[in-house]
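Each chain gets a letter, A, B and so on, in the order the sequences are listed, and its residues count up from 1.
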Amino acid sequence: MTETLPALSSQYEPSATEVKWQALWEDNHAFQADASKGGEPYCVVIPPPNVTGSLHMGHAFESALIDTLVRYHRMIGRNTLWLPGTDHASIAVQTILERQLKAEDKTRNDIGREAFLEKAWQWKAESGGTIVNQLRRLGVSVDWSRERFTMDEGLSKAVLEAFVRFYEEGLIYRGNYMVNWCPASQSAVSDLEVESKEVDGNLWHFRYPLTDGSGYVEVATTRPETMLGDTAVAVNPEDDRYRHLIGKTLKLPIMEREIPIIGDELVDPTFGTGCVKVTPAHDPNDFAMGQRHNLPFINILNKDGTLNENGGPFEGLDRFEARKEVIEWLQTEGALVKIEDYKHTVPYSDRGKVPVEPLISTQWFVKIEPIAQKTLAFLDEEQSPHFVPERWGKVYRDWLVNLKDWCISRQLWWGHQIPAWYAVSETEGEIRDNTPFVVAKSEAEAWEKAVAQFGDQVKIQQDPDVLDTWFSSGLWPFSTLGWPEQTADLNFYYPTTTLVTGFDIIFFWVARMALMASHFTGQIPFKDVYIHGLVRDENGKKMSKSADNGINPLILIEKYGTDALRYALIREVAGAGQDIRLEYNRATDESGSVEASRNFANKLWNASRFVMINLNGQTPAQLGNPNRDNLELADRWILEKFERLVTQTRTSIDSYGLGEAAKGLYEFMWGDFCDWYIELVKPRLRQDDSPSRLAAQQTLAYVLEGTLKLLHPFMPHVTEEIWHTLTQASADQFLALQPYPKAAAPVVQTSLDNDDPWNPAEPEEATATASAAAMPKTEKPSLNVLSEPGQLIKFALQYKQVLLIGLGVVAAIIGFNVLDGVISTLNAVPFVEPTLELFGLYYLGQFIYKNLLWSDRRQAFTRSLGEEKQKILKSIRDGANNTSEQTAEVLEDNTAVLALQRLRAIKTSDRALITQTASAPLGIEAQFELIIDTIRTIRNLRQEASIKPGLPIAVTLQSESERERLALTNGQDYIKDLAKVAELTIATTVIEDDLKQTMVGVTGTVQVLIPLAGVIDIDALRAKLEKDLAKAEKEVQSFQGRLQNQKFVDQAPPEVVQGARDTLAEAEKQVEILCDRLARL
RNA sequence: GGGCGGUUAGCUCAGUUGGUAGAGCGUCUCGUUUACACCGAGAAUGUCGGGGGUUCGAGCCCCUCACCGCCCACCA
C-alpha cells in the first residue's frame, strides 16, 4: 500500500476517475440483474427520456435520486434491477424532421411515409445515443443489457397487444367528437397536452337581429370569427329578460343564416349580456349544447387553421386574419356594439406553442371510466400506490375521478401506427368516418378478418395515424420486462418497487401507467411513487428552454465532478418533493453548492490518504476489526458515533430521506472523523508498534471503510476509487457490490464475544436469574473509572443499591405471585445499556411499566413497592458517605420518589434519575462532549487573550463534579494535544495567587483557567465575562421562571422537568463562577 | 373559482411526536501543526411573514390576514 501512495495526489481529480469506473462497472456487468438468483427484488424503471433530448438538470437530479436508492438497495442485498431506456417522443421527433424537410423546401407528404420513417430511424440511430451516453456520465447503475426503446420490437408488440385487447373489450372506440386540434403539428392532442394561458384579449359585443324584425339580441364573444359557425343563441330559461324570446329566430349577420334562440341552463345570466352565441363545432360547451338541442355542427376550419368553405367570404384566410375581417365587416354593418378589454385564458398547445382549436374530428379514444374504477379501487382499498410525499396521492386521486376519455390517435407518422385496417373497398377506396374496419395484430390477421366480413374482394388499408406516445409509455413498467409474455423478469421484478419522477408528469405518465397496469396486469405497477421537486435556477425560476435559463449539468460535472453535482443536488433535498434551487454564476459557470460538495469529496480523499499512509501498508482486513481490549476513549467514541450513523443513514434512506442521510454522512465524515478523531489519534500513530497504535489503526481503517460504504450510493466514484486503494481489491471487485454496513453487526474483534459494552445497538437478552448475574458486566465500560480508589468505593455503594433494589423487586414479585410472567418479561429486557449504572431501578420501572401498568395487580404491588422504597432509601442513607447522601437526597427530593409514587411516570423518569445521580460516570459520548467543549473553551480563551496558536500553556480545569473531573482526566491527553496545553491541572477547587493574571471561561460547570505570564487586558476579559454572564443569567431566568410555574412541574413530562432542573443548576453554577470572577477583577 | 406548497441568520435552506432556535455558503480575526488552503482554529448574526387562539410551554397545533409560487377548472 505505501508504495501506491505517492501516486495519490493531494487533490482528488474526478474526471478520469469517474470515467474509469463507469467503464469498469459496465464492462464487468456489475449491475446486470438476474432474476434466477432470487432473493428480495428491488426494481426501478427509468422514466424514459425523449430520444431527442439531451441531458438537463432535471435528468441529473432525478437520476441522482434513483441511483442513490438503487445502489443502496443493491448493497443491502436486494436483487436489484434498474432498467434504462428511451421514449420515441412522437411529436418532438416529427417536428425536428419536418423542420429539416422544410429547409429543403419539402413536406413529409412530398417524400411519403416510408421515406419519412426511414429518415426518422436514421435520425434516431444517429442522435438517440446522446442522452443515453450522457446518462452514463452520471454514473447511473442501470442494467444496460436490458435497455429498451418504446418502438423496439418487444415494446411494439406490447402496444399491439394492449390496443387489440382494449378494443376487443370495448374500451377503445373510434368516433367523431370534439378534440383539441393543434394547427401547428396538425394533429389532435389530448387534454393534458393543452395548457391554458392568460392573455389580454377583448370581449366583442355584437347585435344579431331577430328574424321577425322586432329587435335585436346582443351577444358577447372573445372569438368573433367563430360567429361564422354559429347555429344558435342561448339564454338562461330562468332569465326574465329573454325568456320570451326562446323559440324565436335570429338572422346571423354575414352568413345570413337563420338560427334559433334556445334556452339552456349553462348560460350564466349575470355574465355579459346574458345571451351566448352557440358555435357547436368550435367550442366544447357549445358542442354539448349542440347535442342537447340538436343543432347543426358547422365546421369552419381547415386542419391548418385557415377557414374552409363554410367561412363564406373569408374562406382561405388564417383564423386570426379572419377575426379582423369579421370584426370589420360587423362594424361596417353596424352590428358591433362595443369592444371591452378582457383578460381571459386561451388554450395553447403544449408542443406547438399556438392556440389549439376545439374541432370535431374522427379519432380513437380509450374509454377511461371502467379502467379508472379499478385503479381507484387499488388506491382506496389498498393504498396503492403509496405516494411520497403523501399529498400527491390526493392530486392523483382527484385526477382519476375527473377523467374524460383519452384521445389516443395522432395525425403523425412517427410512432406506433394504429392497428386498425379499413375495408376501403366498401367506401369507394377512401377512409371515411363511416368506413368499416377491423382491428388486428398484423396486416395478415386483419386481412383474414376483413375477408370473413366483406369477402375476398375486399381491399384494406391501415389507419395512417399513430398512437399518442404516452400510450406506449403507459405500458413501460411491464412491457420492458417482457409483457405480454410471462417472462422470468416479469414474474420476478414486477410490480416494480419504486417509481421516482416529477410531479409534472403524474397525470401524463404515472396515472396512465397505473391505469394500463391495473387493467392488463391486475396490479399497480409500483409500490411507492416518490415525487421529487423541480431544480430551479439561481433566481428560483423554473428552468425552461423558452426562458433560456437552464443550467447544463455537464458543465458542472466537467468542473466539479459527477459525484459533487449529485451530492449537491441530493443534499439540498429536504424531506421529499420540495423544489431545490441551484446556486450558479452564469458568468463563471461556478456553483457554490456544487463546489462545497466537491470540497467534501476532496476532504474524503485526503482523510483517506491520511489513513492509508498510517496503516503500514495493511488493508483493513489484514489489520482486523478493532480489538476491544485495546480501545481508548476516542476509539470507542468514534465507533459509537459510527454505529449510530449506520442506523441513522439506513433509517433515513428507508423513508426516502436522502438529503437527511447525505447531511448526516457529511457531518460525521468532516466533523467527527476528520476534525476530531483523526486529530486525536495522530500522536498514537507516531508511536512505534504499540497496542494503542494498532487500536488506532484498526479503528481508522474500520470506520473509514464503513463510511466509504455508507457514502457509496451518494458519491459512487470517489468512494469506489478510494476503497480499491484501501482494500487492494482486484479490478473485478466493486464497492458497489459490497454489503452495506449494518448497525447490529458485531464490529469488534474480541475474545469476549457477548459483550460489546460500547456498542449500544445490540440489546442483549437475559433471564430472570441473570438479572443479578448481569451486574458485573456493567463494570466493563467503567473499568477506567475504577482506577481510582474513591471510585471503587462509590461503585461498591452503587452495587449495593442495585442489589437491594433488585432484591426488592424479586420479593415483590414473589409476594404477588406473578413469577410466571417474569421470565418471559425479563427476556425482552435489554441488559447492557452501558451508561446504566442504576439499572436495578431502571428495570424495576421497565417491568412495572410493561407488565403491571394496566393490570389489577398494580395497586397491591404499588403499595408494597412504596414500602420497599423506604427500605431502600434508608439503607442507602445508612451506608452512605457524602456523595450517596446526596444521591439519597436527590432520590428523596424528586424524581425517584415521584417515579415510585406515580407509576405512570416511572419509565420516563429513569433517565432523569440517572443524570441526577452525581456518582454515575458520564457515558462515552457525554464525556467526549465535555472534553470537546473544554478544548473549544481553551482555544477560545487563547484567541481572546491573543496567545500564539503554537505556544504551549498551562491550564487549570476546575469542577466540583466528580464525574466531570473524571471525564476530563480521561481526556487529558486529548486536551493537552489539541489545545496545546503543556501543563494541565484538574482540580476540585482553585487557589490562585494572582487572579488578575488569569483568563477564565466556563463550559458546563467546568471552570477553565489560563494563568498568564504578562499583564492581561482586564477590560477585554471583563467584557467577555460579562457577556458570558448575561447569557447564563438569561438562561437562569428563563428556567427559573419555568420551574416556579407549578403547572409546569406538575404537568410536563418528568424528564423535561428534570432536564430543566439540570440546565438551571448548570446555569446557576455558571453565574456563580462568573460573578465570582468579575468580583475579583 | 377550487386545491396545494412556501414565508426561520446577509444568501440557500434544515428544524424529527410542541420542551433553552441549527447547517452550508458568505463575512470578520488568527494560522505554512508532515491528510487536505478544495485546509485548520475562533467570532459575529435571528421581533422564526402579521394578528389572534389552544397549552405550564408554540418555529412546530388551530383560526385569520398578507405576500410569493405551483396545479386544476367549460363563464361566452
>> Tell me whether Lys559(A) is salt-bridged to Asp589(A), with the criterion being a basic N under 4.0 Å from an acidic carboxylate O.
In response: no

> Are Glu572(A) and Arg536(A) ion-paired here, with the side-chain N under 4.0 Å from a carboxylate O?
Replying inline: no

Counting only side-chain nitrogens and oxygens, does [X] get under 4.0 Å of the OP1 or OP2 atom of [N]?
{"X": "Lys1027(A)", "N": "rA44(B)", "result": "yes"}
{"X": "Arg581(A)", "N": "rC13(B)", "result": "yes"}
{"X": "Asn940(A)", "N": "rA43(B)", "result": "yes"}

> Mind checking whether Tyr208(A) and Phe206(A) have parallel, tilted or perpendicular rings, split at 30° and 60°?
Replying inline: parallel

>> Checking side chain to side chain contact (heavy atoms under 4.5 Å, CB included) between Leu250(A) and each of Asp230(A), Val219(A), Val233(A), which is the one that passes?
In response: Val233(A)

>> From C-beta outward on Arg571(A), which listed nucleotide comes closest to its side chain: rU20(B), rC36(B), rG24(B)?
In response: rG24(B)

> If you check the Asn606(A) side chain, which of rA35(B), rC39(B), rG19(B) turns out closest?
Replying inline: rA35(B)

> Is there a donor-acceptor contact under 3.5 Å from the side chain of Asn236(A) to the main chain of Val267(A)?
Replying inline: yes

>> For the C1' atoms, the ones on rC70(B) and on rA37(B), what distance do you get once it is rounded to whole angstrom?
In response: 43 Å

Measure from [atom1] on [X] to [atom2] on [N] and round the result to the nearest Å.
{"X": "Glu1055(A)", "N": "rU20(B)", "atom1": "CD", "atom2": "C1'", "result": "16 Å"}
{"X": "Arg942(A)", "N": "rA43(B)", "atom1": "CZ", "atom2": "P", "result": "14 Å"}
{"X": "Tyr666(A)", "N": "rC38(B)", "atom1": "OH", "atom2": "C1'", "result": "11 Å"}
{"X": "Lys1031(A)", "N": "rA21(B)", "atom1": "NZ", "atom2": "P", "result": "11 Å"}

>> Looking only at the aromatic ring of each residue, does the gap between the centers of Trp392(A) and Phe387(A) stay below 6.0 angstrom?
In response: no

Hey, what are the protein-to-nucleotides 28-33 of chain B N/O distances that come in under 3.5 Å?
unit_1, atom_1, unit_2, atom_2, d
rU29(B), O2, Gln943(A), NE2, 2.9

> Tell me, for nucleotides 70-76 of chain B in 5' to 3' order, what letter each nucleotide earns: B for a base near a protein heavy atom under 4.0 Å, S for only sugar-phosphate near one, - for neither?
Replying inline: --S-BBB

